[in-house]
Engineer: 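Please find one structure pasted underneath; my questions will follow.
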2 protein chains.
Amino acid sequence: MVTRKDIAEYAGVSKTTVTRVINNQGNVSQENIEKVSQAIKELEYCPNMVARGLKTKKTYQILFHAPALLNPFFVEIYTGMNEVAQQHGYHIVVSSNDDLKVIEQRQYDGVILSYIPIGHSQEEYKNSGVKLVATNYSTLDLEIPHLKVDIAHGITQALDYLYECGHRKIVLFSAQFAYDQRIDAYKKWLQAKQLPFQSDLYHTDYIGKTTYEQGYNSGILFVENGLIATAILAFNDAMAIGMLAAFKRKGIRVPEDISLIGFDDITQAKYTDPPLTTVSNSLYQIGKESAQMLISKINNETVSTKVIKTELVIRNSVAKINI
Amino acid sequence: MVTRKDIAEYAGVSKTTVTRVINNQGNVSQENIEKVSQAIKELEYCPNMVARGLKTKKTYQILFHAPALLNPFFVEIYTGMNEVAQQHGYHIVVSSNDDLKVIEQRQYDGVILSYIPIGHSQEEYKNSGVKLVATNYSTLDLEIPHLKVDIAHGITQALDYLYECGHRKIVLFSAQFAYDQRIDAYKKWLQAKQLPFQSDLYHTDYIGKTTYEQGYNSGILFVENGLIATAILAFNDAMAIGMLAAFKRKGIRVPEDISLIGFDDITQAKYTDPPLTTVSNSLYQIGKESAQMLISKINNETVSTKVIKTELVIRNSVAKINI
DNA sequence: ATGAAAGCGCTAACAG
DNA sequence: CTGTTAGCGCTTTCAT
């Protein structure tokens with residue numbers, strides 16, 4: 001390994017001078033700049049960021065704390081994040097490891113939270129002293145600056161659309177694992193439309209997992225219990241896609257027999273049969289912005305929570321029905 | 001930040017002793033072990049891996065060099081990799097950055113290659129001196145130890161199955177971006193079956209991208225040019241899923257009008273309509289094994305190329321037809 | 001404009 | 001069993 005020392009000797013200057021030209025801090029003669037540059041090129045020197053990190057306390061590494069990358073949802077966010085991180089010279093490592101110690105151990109410059117693991121609190125993260133930002137958060141009481149998706153708005157958009165299409169019996173799939181704005185938004189909307197709230201018209205039958213598989217299982221169950229509604233608002237696209245498969249399996253046609261709306265607009269949503277009507281979350285954009293937010297924070301700029309607007313993407317999984 | 005020095009002072013021992021108990025190297029009295037452990041707990045000390053890395057030249061970081069995580073294919077591999085990496089205390093960072101310098105800069109302990117970027121050669125990687133392993137490689141001339149998927153075998157399995165189902169006109173989708181075993185395997189198989197080789201029965205119309213979108217476009221084109229075959233062997237599942245959408249759009253039924261086989265068996269393949277018959281690659285397993293392989297190599301064990309067996313997963317996208 | 005020296009937090013001889 | 005010392009590769013005062 002060739003170090004700054006080698007360059008210094010080769011160029012006949014001091015190590016300090018080498019540092020100065022590498023980080024172009026000025027105060028070095030044109031002649032020396034050239035000698036050093038030449039040496040660097042010839043010896044193929046490249047700075048050791050570990051050593052630098054030890055000294056400067058900056059590793060140029062960011063931790064993305066996500067439950068499971070296998071969920072396409074997170075992959076799209078990650079992809080956006082990664083793009084801006086790269087532009088700023090940061091590497092991102094993804095971890096679903098609940099151990100907060102790694103943050104200090106590995107000296108991450110900052111962390112992006114996409115969830116707070118069970119058994120941990122936002123206080124713990126805050127106390128750890130790292131630069132912190134949350135992404136795609138929808139819970140109300142988060143003090144950490146974050147990108148807030150206005151899920152309530154998205155739900156309302158979807159519900160309105162369903163209403164326009166003539167639907168009056170709509171099942172909402174929510175989640176048990178956390179407080180979910182969906183339910184409140186749903187109730188509020190029902191009230192506004194003067195529709196009755198029937199508890200069997202929303203489901204919280206699954207815990208934590210919002211996957212294809214879970215959607216499939218929920219779909220099967222839903223059919224077997226008798227179609228109690230004309231439309232479903234799924235927790236997310238992955239689940240909606242699983243349901244699509246379940247309905248197909250059970251001989252239930254979408255949208256003829258039941259209408260279905262997803263959430264997130266992941267890439268595949270365009271390629272399902274029928275193409276999935278869904279609420280777009282701008283996942284990629286969210287990823288980019290949250291990385292930008294964290295990097296700003298690392299640079300000691302002040303950042304504040306920002307609301308992301310959702311958008312209804314109309315494809316073919318919802319039917320107009322007669323009222 | 002609390003360091004080893006703080007622990008030493010708090011426990012009334014030397015820094016070396018602290019090191020010894022942390023890395024339990026023995027040669028420490030029971031009494032001191034307890035004093036140090038106590039101090040660590042009370043001061044909430046945790047070792048700084050950057051400093052350690054500088055000294056030991058081990059960062060416990062692995063680079064996964066993959067073109068795009070958005071491709072579900074890579075995500076599944078990554079997930080497997082990540083699991084075993086975690087078990088061994090490694091973090092993985094994914095990068096599609098072509099710059100080999102980061103390997104030295106960031107002092108990665110090893111890198112897993114899923115492709116060699118255009119303009120680079122395996123020699124370059126080898127010369128860089130890092131521990132190296134390749135994953136899911138199918139080209140023939142790779143000297144780096146790797147997990148080799150026997151694509152030829154997979155193709156043959158798929159082709160055989162199609163043949164059994166009565167298909168004689170089969171389109172193979174290959175890729176332009178690299179030498180692809182598929183074509184050779186296809187030709188060889190045709191010969192064995194004494195079927196004529198028709199150049200219009202394989203396509204290499206797309207470059208590099210093997211995505212949903214590309215599959216969709218290819219599917220549309222394929223239909224518009226007139227169905228010249230009864231079955232398609234797609235490059236991978238992502239493309240097959242895109243094609244499924246295209247056929248649906250064009251009113252072509254799968255498998256009634258055309259049969260379709262994918263490659264990889266990604267998670268969604270189970271949830272398409274119809275569920276996709278495909279060749280399983282054991283992506284998750286590949287990920288796990290390649291990480292294991294690299295870690296062994298990092299530990300200076302000798303590792304060698306290993307062939308992964310493919311498996312035909314029969315679902316419902318292939319029809320039996322009359323010969 | 002240049003260099004010497006100290007030190008980031010850790011490990012690894014070496015000496016006791 | 002324990003501690004002293006040097007040093008990993010880099011940055012940063014502080015002199016010159």
Side-chain angles (χ1 to χ4, degrees), chain A residues 1-40 43-61 89 101-109 129, chain B residues 1-40 43-61 89 101-109 129:
Chain A
M1 161 171 254
V2 23
T3 73
R4 239 168 66 285
K5 187 172 168 241
D6 301 314
I7 302 296
E9 284 169 6
Y10 191 91
V13 298
S14 75
K15 298 187 250 167
T16 313
T17 303
V18 177
T19 295
R20 282 199 259 262
V21 353
I22 288 172
N23 301 343
N24 48 96
Q25 295 164 315
N27 284 340
V28 48
S29 68
Q30 191 56 37
E31 190 196 343
N32 277 343
I33 291 185
E34 270 155 30
K35 275 200 278 184
V36 170
S37 308
Q38 189 61 23
I40 289 177
L43 269 48
E44 295 184 343
Y45 167 77
C46 91
N48 180 330
M49 290 189 67
V50 176
R52 179 182 289 174
L54 175 60
K55 182 68 187 175
T56 61
K57 262 81 193 82
K58 276 211 67 171
T59 55
Y60 282 92
Q61 298 207 125
K101 278 210 165 158
V102 306
I103 299 171
E104 197 184 346
Q105 268 185 181
R106 303 236 180 202
Q107 300 272 294
Y108 285 107
D109 290 344
Chain B
M1 160 171 255
V2 22
T3 73
R4 239 167 66 287
K5 185 170 168 245
D6 301 314
I7 302 296
E9 284 169 6
Y10 191 91
V13 297
S14 77
K15 297 188 249 164
T16 313
T17 303
V18 177
T19 295
R20 281 199 260 261
V21 354
I22 288 171
N23 301 343
N24 46 97
Q25 296 165 315
N27 285 341
V28 176
S29 67
Q30 192 55 38
E31 191 197 341
N32 276 343
I33 291 186
E34 271 156 30
K35 276 200 279 185
V36 170
S37 308
Q38 189 60 24
I40 289 176
L43 269 49
E44 296 185 341
Y45 167 76
C46 92
N48 180 329
M49 291 189 66
V50 176
R52 179 183 289 175
L54 176 59
K55 181 66 187 176
T56 62
K57 261 84 194 81
K58 276 211 66 169
T59 54
Y60 282 92
Q61 298 206 126
K101 277 211 167 159
V102 305
I103 299 172
E104 196 183 347
Q105 268 185 180
R106 302 236 181 203
Q107 299 272 294
Y108 285 107
D109 290 342

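Sequence lines set the chain letters: A, B, ... in the order given, protein chains first and strands last, and positions in each chain run from 1. Only heavy atoms go into these numbers, but all of them, side chains included; no hydrogens, no water, no symmetry mates.
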Engineer: Rounded to the nearest Å, what distance is computed from the CD atom of residue A/Glu104 to the C1' atom of nucleotide C/dG9?
Structural biologist: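 The answer, rounded to whole Å, is 12 Å.
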Engineer: Separation of B/Gln25 atom CD from D/dT2 atom P, in whole Å?
Structural biologist: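 Nearest whole value for this atom pair: 14 Å.
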Engineer: Of all residues at least two apart in sequence or in a different chain, which pass the ring pair (Phe, Tyr, Trp, His ring centres under 6.0 Å) check with A/Tyr60?
Structural biologist: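 Partners of A/Tyr60 by the ring pair (Phe, Tyr, Trp, His ring centres under 6.0 Å) criterion, ordered by chain and then number, come out as A/Tyr90.
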Engineer: Sequence neighbours excluded and cut-off under 3.5 Å, please list the side-chain donor-acceptor pairs for residues 24-32 of chain B, or say none.
Structural biologist:
unit_1, atom_1, unit_2, atom_2, d
B/Ser29, OG, B/Asn32, N, 3.2
B/Gln30, NE2, B/Glu34, OE2, 3.2

Engineer: Quick one: are B/Tyr45 and B/Asp6 in side-chain contact, heavy atoms under 4.5 Å?
Structural biologist: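 A side-chain contact under 4.5 Å is absent here.
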Engineer: Do A/Lys55 and B/Leu54 have side chains that get closer than 4.5 Å, going by heavy atoms?
Structural biologist: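 They are not in contact (no side-chain heavy atoms under 4.5 Å apart), so the answer is no.
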Engineer: To the nearest 0.5 Å, what is the distance between CD1 on B/Ile22 and CZ on B/Arg20?
Structural biologist: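 Answer rounded to 0.5 Å: 12.0 Å.
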Engineer: For B/Gln105 and D/dC10, give me the distance from atom CD to atom P, rounded to whole Å.
Structural biologist: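 Result: 11 Å.
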Engineer: Near DNA chain D, under 4.0 Å by heavy atom, which residues of residues 45-61 of chain B?
Structural biologist: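 Going residue by residue through residues 45-61 of chain B, the ones with a heavy atom under 4.0 Å of DNA chain D turn out to be B/Leu54, B/Lys55, B/Lys57.
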Engineer: Using Watson-Crick or G-U wobble pairs with both distances under 3.5 Å, give me DNA chain C in dot-bracket, 5' to 3', with [ ] for crossers and | for pairs to another strand.
Structural biologist: ||||||||||||||||
Engineer: In whole Å, I'd like the distance from the CZ atom of A/Arg106 to the C1' atom of C/dG9.
Structural biologist: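 That distance rounds to 16 Å.
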Engineer: If I take atom CE in residue A/Met1 and atom P in nucleotide D/dG7, what distance separates them, rounded to the nearest angstrom?
Structural biologist: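 The distance from CE of A/Met1 to P of D/dG7 comes to 18 Å, rounded to the nearest Å.
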Engineer: Is any side-chain heavy atom of A/Leu43 closer than 4.5 Å to a side-chain heavy atom of A/Glu9?
Structural biologist: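 The answer is no, as the side chains (C-beta and beyond) never meet within the 4.5 Å cut-off.
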Engineer: I would like to know whether B/Gln61 and A/Gln61 meet side-chain hydrogen bond (donor to acceptor under 3.5 Å, both in side chains); could you show each step before the answer?
Structural biologist: CA-CA 12 Å; B/Gln61 298 206 126; A/Gln61 298 207 125; 3.2 Å; yes
Engineer: Between A/Arg106 (side chain only) and B/Thr59 (backbone N and O only), is there a donor and an acceptor less than 3.5 Å apart?
Structural biologist: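 Judged by distance alone, yes, a pair lies under 3.5 Å.
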Engineer: Counting C-beta onward and ignoring hydrogens, is there a side-chain heavy-atom pair between B/Glu104 and A/Met49 closer than 4.5 Å?
Structural biologist: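 No, too far: nothing below the 4.5 Å cut-off.
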Engineer: Does anything in residues 14-23 of chain B reach DNA chain C, meaning a heavy atom under 4.0 Å, and if so which residues?
Structural biologist: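 Heavy-atom cutoff 4.0 Å gives B/Thr16, B/Thr19, B/Asn23.
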Engineer: Near DNA chain D, under 4.0 Å by heavy atom, which residues of residues 29-38 of chain B?
Structural biologist: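 Output list: B/Ser29, B/Asn32.
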